[in-house]
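Below is one structure, written out as structure tokens; comments come after it.
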Protein chains: 2
Amino acid sequence: MYQTFLNLEVEKQHKIINSALKEFSINNYDTASTNKIIKDAKISKGILYHYFGSKKNLYLYLYEYVTTIFIDAINSRLDFEEPDIFKRYEQIMKIKLELIKQYHTLFDFLKKTYIETSLEVRSELDQSNLTLQNSSYESVFAGIDYDLFHKNIDSKKAIDTIRWVTDGISHRYEEQLKSNIDNSEAFNQLLEQCMEEANDYFQFLKQLVYKNTKR
Amino acid sequence: MYQTFLNLEVEKQHKIINSALKEFSINNYDTASTNKIIKDAKISKGILYHYFGSKKNLYLYLYEYVTTIFIDAINSRLDFEEPDIFKRYEQIMKIKLELIKQYHTLFDFLKKTYIETSLEVRSELDQSNLTLQNSSYESVFAGIDYDLFHKNIDSKKAIDTIRWVTDGISHRYEEQLKSNIDNSEAFNQLLEQCMEEANDYFQFLKQLVYKNTKR
DNA sequence: CTTAAATTGACCACATTGGTCAACTCATAT
DNA sequence: ATATGAGTTGACCAATGTGGTCAATTTAAG
């Protein structure tokens, strides 16, 4: 299945995938329009259905594709030996932001799949959702050294705080990053700026919650 | 204008407003359906257009209405004398969550108006957006006492952190709160639980960034 | 009983939907 | 050169939904 599609040049595949991700990120499954997708990807109606057979198949293909991309990126680039949770979060942040460079709306799409209610795809999503969930929070944060925290620090609260700060900084830069996907230089500069700011905040938090750091 | 609508019993007004807010929160302006609104609000097509004249007028009425509700709630319930930023945020959080009780999708709707791109309403939104922006961050956080922070604390970073933690906790409870709007008892219990949790985190942060608090 | 406002919902012309398919292009093999 | 078959096109389809209208009906008040 999808063989014809997979025989295309990778660039063309990416173009179609990104157009579809975009449409399904803005709209929910039912209101997303295949016509918009083909218009944006500059392909014909017929060929889209030749590639994917149906709207539903296209959607499920995207979900599997994007899930795989995300998991692979984490598995291949995350240092699972790193005991410092700040450095772990720094890595995750960088991996995510660099995925946006190639797949602008990957995480918007994933967010949408969580809340998708259309009966046409809901059960299929539930089935494979497990894959993503199992592989994420359990393993991604295994081996963190909680002894790095000051002894009378509530580490659960500290970790939540770190996550929320990370998300806050990401969101602050996301829009700018997205509007600079075509300008690789500007994108990388923004990314670096974002990572620097994250580091500033991480230093700030480390001073507060880690031991062996002076005030 | 809207006089016929304003002559309705307040309950019926609320029902229509909430149905419309809901539809415009889920969909963008163009894809939001007046048919869905009248179905949900259990009124006829004709009367909606008798009340508001057009889809555009309805949308702009909602925007003004919701903006006013929000600003009024802040102005009447926020203690502008309170110098402790944690208590300020606690108040804001409570005001927001209690507004959700009456207008389930108020903030989803507001969020959507920020990113609305339809040419039909964009310019009008821009014009009145100023109202909301001016009245918010400038005045809402005026008079905060920054001397409460430990002297070698970067107060900007601390404030950002507090805001992100507040948002994180709100989001953690928002979905549950929304699914309990009809059960006033459960709603209030959840709200209290949320405020308690926020307080826990605020205590946690206070210990870290305020002076005169022991570790 | 009259009158006028409130309300209904069938109806309009039009746009868009997911999907089909006959026709066409074009690279490759013989 | 020619034949073959996969790749590709876009006009077309029935179905559904759109914002908006309006003649007809209900309701309330004098």
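In what follows, every chain begins at residue 1, and chains take the letters A, B, ... in the order their sequences are listed.
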*If we fit an axis to the first five pairs and another to the last five of the helix from C:dC1-D:dG30 to C:dT30-D:dA1, what angle do they make, to the nearest 10°?*
0°
*Sugar-phosphate atoms are those with a prime plus P, OP1 and OP2; base atoms are the rest. Using that split, label each nucleotide of nucleotides 24-30 of chain D B, S or - for protein heavy atoms under 4.0 Å, 5' to 3'.*
-------
*Using ring pair (Phe, Tyr, Trp, His ring centres under 6.0 Å) as the criterion, list what pairs up with A:F187, not counting sequence neighbours.*
none
*Check DNA chain C against residues 8-20 of chain A and give the residues with a non-hydrogen atom under 4.0 Å, in numerical order.*
none
*Residues that B:H171 engages under side-chain hydrogen bond (donor to acceptor under 3.5 Å, both in side chains), provided they are two or more places apart*: none
_A:K42: which residues meet the salt bridge (charged side-chain N to carboxylate O under 4.0 Å, His left out) condition with it, sequence neighbours left out?_
none
*asked:* Under the ring pair (Phe, Tyr, Trp, His ring centres under 6.0 Å) definition, can you give me all pairs with a residue in residues 27-53 of chain B, not counting sequence neighbours?
replied: B:Y2-B:F52, B:F5-B:Y51, B:F5-B:F52, B:Y29-B:Y59, B:F52-B:Y61
*Along nucleotides 17-24 of chain C, 5' to 3', which nucleotides get a B, which get an S, and which get a -, given that the test is a protein heavy-atom distance under 4.0 Å?*
SBBBB---
_salt bridge (Lys or Arg N to Asp or Glu O under 4.0 Å) pairs, two or more places apart, involving residues 11-37 of chain B_ = B:K22-B:D40
_Residue A:N7, side-chain atoms from C-beta onward, closest of C:dT7, D:dT9, D:dG7_ = D:dG7
*State plainly whether the residues A:R163 and A:D160 are in salt-bridge range, i.e. N to O under 4.0 Å.*
yes
*With the threshold set at 4.0 Å, does a side-chain nitrogen-carboxylate oxygen contact exist between A:D200 and B:K156?*
no
*Any salt bridge (Lys or Arg N to Asp or Glu O under 4.0 Å) involving residues 183-193 of chain B? Give me the pairs, sequence neighbours left out, ordered by first then second residue.*
none
_Once salt bridge (Lys or Arg N to Asp or Glu O under 4.0 Å) is applied, what residue pairs with a partner in residues 91-102 of chain A remain, sequence neighbours excluded?_
A:R77-A:E98
_Which residues share a salt bridge (charged side-chain N to carboxylate O under 4.0 Å, His left out) with B:K55, sequence neighbours left out_ = none
